[in-house]
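First the structure, in the form of structure tokens, and then the observations on it.
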Amino acid sequence: MRGSETVLASYMVRDENLAEKGFLQIEWASRHMPVLSQIKKRFSQEKPLKGVTLGACLHVTKETAVLIDAFLAGGAEVALCGSNPLSTQDEVAAALAQLGVHVFAWRGQTTDEYYWCIERVIDHKPLVTLDDGADLVSTIHSKRTEALSNVKGGTEETTTGVLRLKAMEKSGALKYAIIAVNDAYTKYLFDNRYGTGQSTIDGILRATNILLAGKNFVVCGYGWCGRGIALRARGMGANVIVTETNPLRALEAVMDGFRVMPISEAAEIGEIFVTATGNINVIRKEHMQKMRDGAILANSGHFNVEISLKDLKELAVSKRLIRQNLEEYTLRDGRKLYLLAEGRLVNLAAAEGHPSEVMDMSFANQALCVEYLVKSERMPPRVYQVPKEIDEAVAKLKLEAMHVKIDTLTEEQKKYLSTWELGTT
Ligand code: ADE
């Protein structure tokens with residue numbers, strides 16, 4: 001590990017020599033992120049973040065680098081750490097260090113190293129935090145409460161993080177305003193569905209290189225991420241089975257044409273299992289005991305708690321690394337189960353996360369929400385929706401970048417929508 005040697009550690013990355021490779025990756029991502037590029041252009045002219053320090057805990061990917069670069073163009077100082085021990089792209093981290101970002105991230109961290117990096121970000125006294133999973137916010141609110149007085153607000157990127165923050169709000173623990181970027185239309189409809197759908201399949205294929213056509217592919221959870229995974233797995237020719245606890249979502253999956261059954265039944269026939277529930281111990285001992293020899297287990301939820309690693313380890317008599325991100329667990333009866341990416345998010349640990357085109361919208365929301373927080377008066381400590389104007393502006397810019405034109409309401413149509421008198425004619 002190499003880092004700079006100032007008093008306030010400036011960065012810590014795996015290998016500074018990877019920077020050139022990182023710049024090429026960032027350039028490639030940037031080509032596919034036209035909305036964020038436009039925002040960067042405006043930020044360079046207006047400098048809305050001059051004198052502002054941002055503290056970010058995000059997956060350190062080429063797309064995140066494009067976001068950070070927009071912040072730098074806007075005049076911000078940025079401290080950044082990874083939001084998962086296995087998702088950092090080391091070449092990108094090296095490039096960011098060269099750009100002057102206080103980046104503390106490398107792929108393959110221990111839990112202690114992971115939280116050490118979060119604390120180094122807090123050392124830089126952020127005015128605004130950006131989180132993906134709420135580990136930065138929860139550390140500030142527990143171990144580093146002295147940093148609270150400096151923070152004006154924050155943003156949260158993911159479903160799991162928003163749920164955690166809403167729990168903090170409900171219990172009165174939340175001490176500053178958070179904008180739930182995840183809940184913007186231009187985020188979850190595209191990032192959670194098409195982003196997770198494609199990148200999860202990508203991760204499974206990179207880790208295993210198996211054929212999906214004809215396989216029984218079990219998706220646990222039919223939220224936006226699960227919907228995307230099921231859709232894309234079906235597109236590859238898999239027989240998709242959905243498991244759910246929510247009757248409305250289960251019904252939707254049925255009407256979308258998927259088989260729906262409890263995990264206890266799916267366990268017996270599944271060949272590939274992917275969890276995307278945001279919950280804990282979704283696949284556990286009693287399910288593993290029923291699984292076919294050779295079953296593959298992957299997780300696409302934020303934390304590595306959806307597949308019980310404890311149960312898998314208890315059932316296994318031995319473990320081998322077959323290839324990168326593919327571990328074989330041999331059970332007492334000789335059956336073998338295969339775990340991808342240590343049960344961490346398979347799309348970021350075994351692949352490169354969502355494609356740049358969807359991150360363009362998610363991160364455009366991030367950029368505009370950070371600007372909004374900086375420019376607003378300090379808001380009461382609650383979890384807020386992304387302002388509608390921001391969501392719509394992102395959609396408009398994306399359509400423009402895609403050269404898609406849409407219609408506008410006529411005056412007559414606007415009037416029709418706002419009156420009640422005219423009914424059946
Ligand atoms: N989350 C999912 N995909 C991502 C990506 N490519 N970059 C940053 N965060 C992500």
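Order of listing sets the numbers, starting from 1, for every ligand and every atom in it.
Looking at Glu244, its side chain does come within 3.5 Å of a backbone N or O of Asn246 through a donor-acceptor pair.
Given atom 7 (N) of ligand 1, the protein heavy atom at minimum distance is Thr61 OG1, 2.7 Å. When only non-hydrogen protein atoms are considered, atom 10 (C) of ligand 1 lies nearest to Met359 CE, 3.6 Å. Looking only at protein heavy atoms, the nearest one to atom 3 (N) of ligand 1 is His354 N, 2.8 Å.
Contact between Leu58 and ligand 1 is absent, with no heavy atom of the residue lying under 4.0 Å from the ligand.
Set against the non-hydrogen atoms of Thr64, the atoms of ligand 1 under 4.0 Å away are 7 (N), 8 (C). Those atoms of ligand 1 with a heavy atom of Gly353 less than 4.0 angstrom away are 3 (N), 6 (N). Each of the following atoms of ligand 1 lies closer than 4.0 Å to a heavy atom of Glu352: 6 (N).
Under the 30°/60° scheme for interplanar angles, the aromatic rings of His124 and His102 are found to lie parallel.
Residue His354 holds its NE2 atom at 11.5 Å from CG of Asp202, rounded to the nearest 0.5 Å.
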Point to revise | Candidate pair Thr159 and His302, rule side chain to side chain contact (heavy atoms under 4.5 Å, CB included), full reasoning | key: CA-CA 8 Å; Thr159 318; His302 186 78; over 6 Å; no
Practice item. Step by step, work out the side-chain hydrogen bond (donor to acceptor under 3.5 Å, both in side chains) result for Glu357 and Tyr194. Key: CA-CA 10 Å; Glu357 291 87 340; Tyr194 304 122; over 6 Å; no
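The N/O atoms of Glu63, backbone and side chain alike, include one that comes under 3.5 Å of an N/O atom in ligand 1.
At a heavy-atom cutoff of 4.0 Å, ligand 1 is contacted by the side chain of Leu348 but not by its backbone.
A side-chain donor from one of His59 and Ser87 sits under 3.5 Å from a side-chain acceptor of the other. Side-chain contact annotation: Asn304 with Asn84, donor-acceptor N/O pair under 3.5 Å absent.
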